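Both counts, for ligands and for their atoms, begin at 1 and track the order of listing. Being a predicted model, the structure only gives us computed values, none of them experimental. Throughout, residue positions are numbered sequentially from 1 according to the sequence presented.
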Amino acid sequence: MNFQEAQAKVEKLREELNEHNYRYYVLDSPTITDAEYDRLMRELIAIESAFPELITPDSPSQRVGGAVASTFSSYRHRKPLLSLSNAFNAKDLQEFNRRVVSMVKAPVEYVVETKVDGLSIALIYENGLLVKGATRGDGENGEDVTANLKTVRTIPLMLKTPFPRLEVRGEVFMPKAAFARLNSQRAENGETLFANPRNAAAGSIRQLDPRITALRTLSAFIYEITYIEGIELTTHWDSLNLLRELGFQVETHSRLCSSISEAIEYCSEWTAKRNSLPFEIDGMVIKVNDLHQQHALGVTAKSPRWAIAYKFPAEQVKTKVKDIVLNVGRTGVLTPTAILEPVRVAGSTVSRATLHNEDIIRNKDVKIGDTVIIQKAGDIIPEVVEVVKEERTGQEKDFIFPKVCPECGSHVIRPENEAAVRCTGGLACPAQVREGIIHFASRDAMNIEGLGPKVIEQLLQAGLIKNAADLYYLKYEELLKLERMAELSATNLLNAIEKSKNCSLGQLIFALGIRHVGAQAGKVLAKQFKSLDALSQASAEELMEVPDIGPRMAESIVDFFTEPQNQKVIDRLREAGVNMENKGHATYGGKLTGKQFVLTGTLPNLTRKDAQEMIESQGGKVSSSVSKKTDYIIVGSDPGSKYDKALKLGIPILNEEQLLDLINGKGTNN
Ligand code: AMP
Ligand code: ZN
């Protein structure tokens with residue numbers, strides 16, 4: 001065979017294989033036998049190895065997985081992958097509808113889809129060719145997992161119509177049957193089991209060796225076009241159809257509803273049938289169908305305003321409490337945890353449930369040996385709902401809360417008006433130190449890969465670290481002395497630690513473990529103060545001016561930076577070269593960039609928070625007091641003194657409708 005012949009043959013084989021692949025995996029209606037398919041694939045691989053220059057990235061032979069990577073490179077999403085706000089009942093959905101209608105001021109159609117429980121991904125196609133696949137990551141930056149996603153058979157490598165550019169989003173998941181198979185295999189090999197299909201899917205996609213990913217049976221549903229060149233789409237429903245035509249697998253249970261009541265009806269229908277599909281779903285997603293309406297509604301910092309997730313109610317099961325143990329958290333709180341007879345609930349095996357605190361144990365009257373009802377919903381930690389008293393035998397034992405910390409022996413206190421019992425050991429309590437470092441390294445914080453609880457425990461035991469800053473001074477030779485730490489893992493760990501120096505300021509603020517400051521607050525503070533220095537010097541009053549920062553958080557931030565121990569840690573982090581600045585990116589869209597707003601009174605439809613988020617998403621700022629710098633004051637009913645001041649200063653006054661017009665670019669007469 002000469003080169004020309006090989007080229008022609010390869011093209012023909014690819015076309016055939018792609019079509020059979022699509023028929024088998026997406027349409028579920030193959031027209032040839034597996035043996036025939038394998039024969040075609042072998043033929044292709046044989047020609048490709050004779051003429052390696054003919055191998056292209058979209059060749060079906062590439063699905064078996066290529067070279068092993070040492071890390072994933074980061075991929076910045078064009079638009080952030082947001083999460084969805086949640087609805088738990090019909091009332092929440094009505095409320096969502098009311099907000100939507102009040103903003104678009106027109107009839108609204110909804111598309112209702114199943115919420116598949118997997119891992120969200122973004123795929124980029126150029127001229128029909130899959131060029132990039134990434135995970136959600138923190139929403140703004142994901143991991144480039146192209147090689148791994150190529151092994152997923154339901155993800156087309158080449159589209160049926162080659163639009164110049166197409167970006168889509170969807171969910172990679174592991175079907176229930178594949179999950180069961182994988183776990184029973186792992187059990188046989190004595191490997192740890194995956195808790196649920198979602199973890200298994202995530203673990204499989206985040207493999208550095210794509211050949212392992214290829215062995216796991218993964219699949220993908222695509223549910224959104226985020227960007228397309230070459231065609232104008234008007235509805236979400238049309239885009240789902242287009243996705244199907246292009247060769248993507250699109251979940252088939254979507255429904256177009258002409259009203260919210262129809263959507264609610266459909267959600268409750270699925271609440272009853274939730275376990276009937278061959279893959280896990282944890283709810284339904286309700287989306288505004290009209291893409292112009294979607295655009296007008298826009299997004300908040302966390303989620304689009306045009307969609308909402310309806311979460312199925314928690315599932316409950318019965319099991320036995322084998323023991324009650326105490327976990328000491330990073331702030332010293334002793335949390336009682338029930339150790340359970342393992343049971344399956346809401347898609348995973350549960351063997352622990354939180355009992356929250358002393359009062360809850362007493363009120364629910366939970367004893368060791370009791371039969372209990374536990375419940376779990378989605379990601380939420382399972383909890384004990386109630387004791388089945390009829391099943392008591394008299395052998396049950398009361399749990400007595402100790403007077404000292406089980407980890408360090410320091411005495412415990414229960415501050416007035418608090419339900420929590422705390423260890424007073426502080427940095428002398430190994431549990432608090434350990435949990436603090438685990439938190440520091442965790443995904444939403446400094447995201448240090450490979451630095452989980454086990455390794456941290458080892459480092460502490462060996463005396464190599466005493467606090468989080470010490471991580472940045474670890475030496476290769478020291479690491480090698482640790483048990484189970486080979487050269488490659490030591491190198492990887494040091495690389496991961498090094499990489500974490502470039503984490504965002506928001507991540508760092510969260511990582512420091514300041515009480516009450518969560519990941520979201522970290523981001524907000526980073527945006528506002530722009531450097532850790534500035535934040536550390538802020539007064540409680542200044543902090544409280546920041547949206548979403550209340551007095552409790554403000555006080556604990558000030559306390560944190562006053563503590564010399566913490567200052568020491570921060571100084572050493574700085575010396576090590578950890579990023580302490582907000583390198584931020586300009587807010588996109590920016591119709592209101594540079595404009596200052598003040599809100600007063602109750603708006604007819606929007607909550608304060610809604611209004612604020614809308615303004616900020618367009619680059620505007622909201623401040624709490626009126627000054628000469630204020631560009632607009634937004635006034636609702638019963639306005640406060642800010643209104644009088646604005647009148648005095650002659651600041652333009654807008655009502656809600658005028659604000660929406662301004663955001664939608666219709667201008668205002670004011
Ligand atoms: P949450 O992570 O609970 O905020 O929910 C948002 C996530 O739901 C998205 O990031 C997707 O990964 C996932 N999801 C599953 N099915 C859908 C769907 N049909 N539409 C949108 N998101 C979905
Ligand atoms: Zn302690």
Side-chain angles (χ1 to χ4, degrees), residues 77 79-88 110-123 134-140 142 168-173 197-198 201-202 205 219-226 236-237 239-240 243 248-255 263 266-267 270 274 277 279-289 294 299-304 306-312 326-335 377-380 402-413 421-436 444 520:
H77 297 295
K79 287 188 210 156
L81 263 85
L82 301 168
S83 63
L84 295 169
S85 49
N86 290 330
F88 297 96
Y110 293 103
V111 175
V112 182
E113 300 165 11
T114 55
K115 186 168 183 297
V116 180
D117 201 8
L119 183 75
S120 41
I121 50 159
L123 301 173
T135 61
R136 166 165 156 186
D138 65 2
E140 281 164 22
V168 300
R169 289 191 180 165
E171 197 86 354
V172 181
F173 63 96
R198 178 165 36 91
I205 282 299
S219 189
F221 284 125
I222 301 304
Y223 52 69
E224 191 186 321
I225 295 178
T226 32
H236 178 61
W237 192 249
S239 39
L240 292 180
L243 285 168
F248 290 103
Q249 176 173 241
V250 177
E251 221 279 290
T252 53
H253 301 94
S254 322
R255 176 174 288 185
Y266 197 53
C267 286
W270 272 99
R274 61 197 277 183
L277 295 171
F279 45 86
E280 304 260 1
I281 58 174
D282 63 341
M284 305 296 281
V285 184
I286 295 92
K287 300 174 182 174
V288 169
N289 186 34
Q294 280 194 7
V299 300
T300 71
K302 283 188 208 150
S303 51
W306 46 265
I308 194 163
Y310 165 73
K311 293 278 175 92
F312 293 139
L326 290 167
N327 287 328
V328 185
R330 67 186 157 91
T331 58
V333 174
L334 270 55
T335 306
D379 271 347
I380 299 160
K403 299 264 177 291
V404 296
C405 169
E407 297 249 11
C408 73
S410 305
H411 76 276
V412 300
I413 51 162
V421 172
R422 282 172 196 282
C423 158
T424 53
L427 291 176
C429 176
Q432 291 186 47
V433 171
R434 179 183 67 229
E435 295 301 318
D444 288 343
Q520 185 58 26

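- With rounding to the nearest 0.5 Å, the separation of NZ in Lys79 from CZ in Arg169 is 7.5 Å.
- When only non-hydrogen protein atoms are considered, atom 15 (C) of ligand 1 lies nearest to Val116 O, 3.2 Å.
- Although no hydrogens or angles enter the test, the distance criterion places no donor-acceptor pair under 3.5 Å between the side chain of Glu113 and the main chain of Ser254.
- Taking CG of Asn86 as the start and CD1 of Ile308 as the end, the distance is 7.5 Å to the nearest 0.5 Å.
- Ligand 1 is approached by Thr114 to a heavy-atom distance shorter than 4.0 Å.
- For ligand 1, the polar-atom distance check finds an N/O of Glu171 within less than 3.5 Å of one of the ligand's N/O atoms.
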Item to check | Verdict with supporting geometry, Val288 and Tyr110, side-chain contact (heavy atoms from CB on, under 4.5 Å) | outcome: CA-CA 5 Å; Val288 169; Tyr110 293 103; 3.8 Å; yes
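- When heavy-atom distances to ligand 1 are checked against a 4.0 Å cut-off, Arg136 comes that close only through its side chain, counted from C-beta outward.
- Every side chain to side chain contact (heavy atoms under 4.5 Å, CB included) that Ser239 has, sequence neighbours left out, goes to Ile225, Leu233, His236.
- Each of the atoms 4 (O) of ligand 1 lies under 4.0 Å from some heavy atom of Ser83.
- In the vicinity of Glu113, heavy-atom distances shorter than 4.0 Å reach the ligand 1 atoms 18 (C), 19 (N), 20 (N).
- Within a radius of less than 2.8 Å around the Zn ion (ligand 2), the protein N, O or S atoms are Cys405 SG, Cys408 SG, Cys423 SG, Cys429 SG.
- Residue contact check for ligand 1: Arg169 places no non-hydrogen atom closer than 4.0 Å to it.
- To the nearest 0.5 Å, atom OG1 of residue Thr114 and atom CD of residue Glu280 are 12.0 Å apart.
- Contacts between Glu251 and ligand 1, counted as non-hydrogen atom pairs separated by less than 4.0 Å, are absent for every part of the residue.
- Aromatic ring pairs are classed by plane angle as parallel below 30°, tilted from 30° to 60° and perpendicular above 60°; the pair Phe221 and Phe279 is perpendicular.
- Here the straight-line distance linking atom SG of Cys267 with atom NZ of Lys115 works out to 12.5 Å at 0.5 Å rounding.
- Looking at every heavy atom in both residues, Val412 comes nearest to Cys405 through CG1-N, 3.5 Å.
- Any N or O atom pair closer than 3.5 Å counts here, and Val285 shares no such pair with ligand 1.
- Annotation: Gly170 places no N or O atom under 3.5 Å from an N or O atom of ligand 1; distance criterion only.
- The CZ atom of Phe312 lies 13.0 Å from the CZ atom of Phe88; values are rounded to the nearest 0.5 Å.
- Listed by number with element, the atoms of ligand 1 under 4.0 Å from a non-hydrogen atom of Ser120 are 10 (O), 11 (C), 12 (O).
- Within ligand 1, counting atoms from 1 as listed, the ones closer than 4.0 Å to a heavy atom of Lys311 are 3 (O).
- If you run salt bridge (charged side-chain N to carboxylate O under 4.0 Å, His left out) between Asp117 and each of Arg198, Lys311, Arg274, only Arg198 comes through.
- His77 contributes a side-chain N or O that, together with a main-chain N or O of Thr135, makes up a donor-acceptor pair within less than 3.5 Å.
- At the top of the distance list for atom 21 (C) of ligand 1, counting protein heavy atoms only, stands Tyr223 CE1, 3.4 Å.
- The shortest heavy-atom distance from Glu224 to ligand 1 is not under 4.0 Å.
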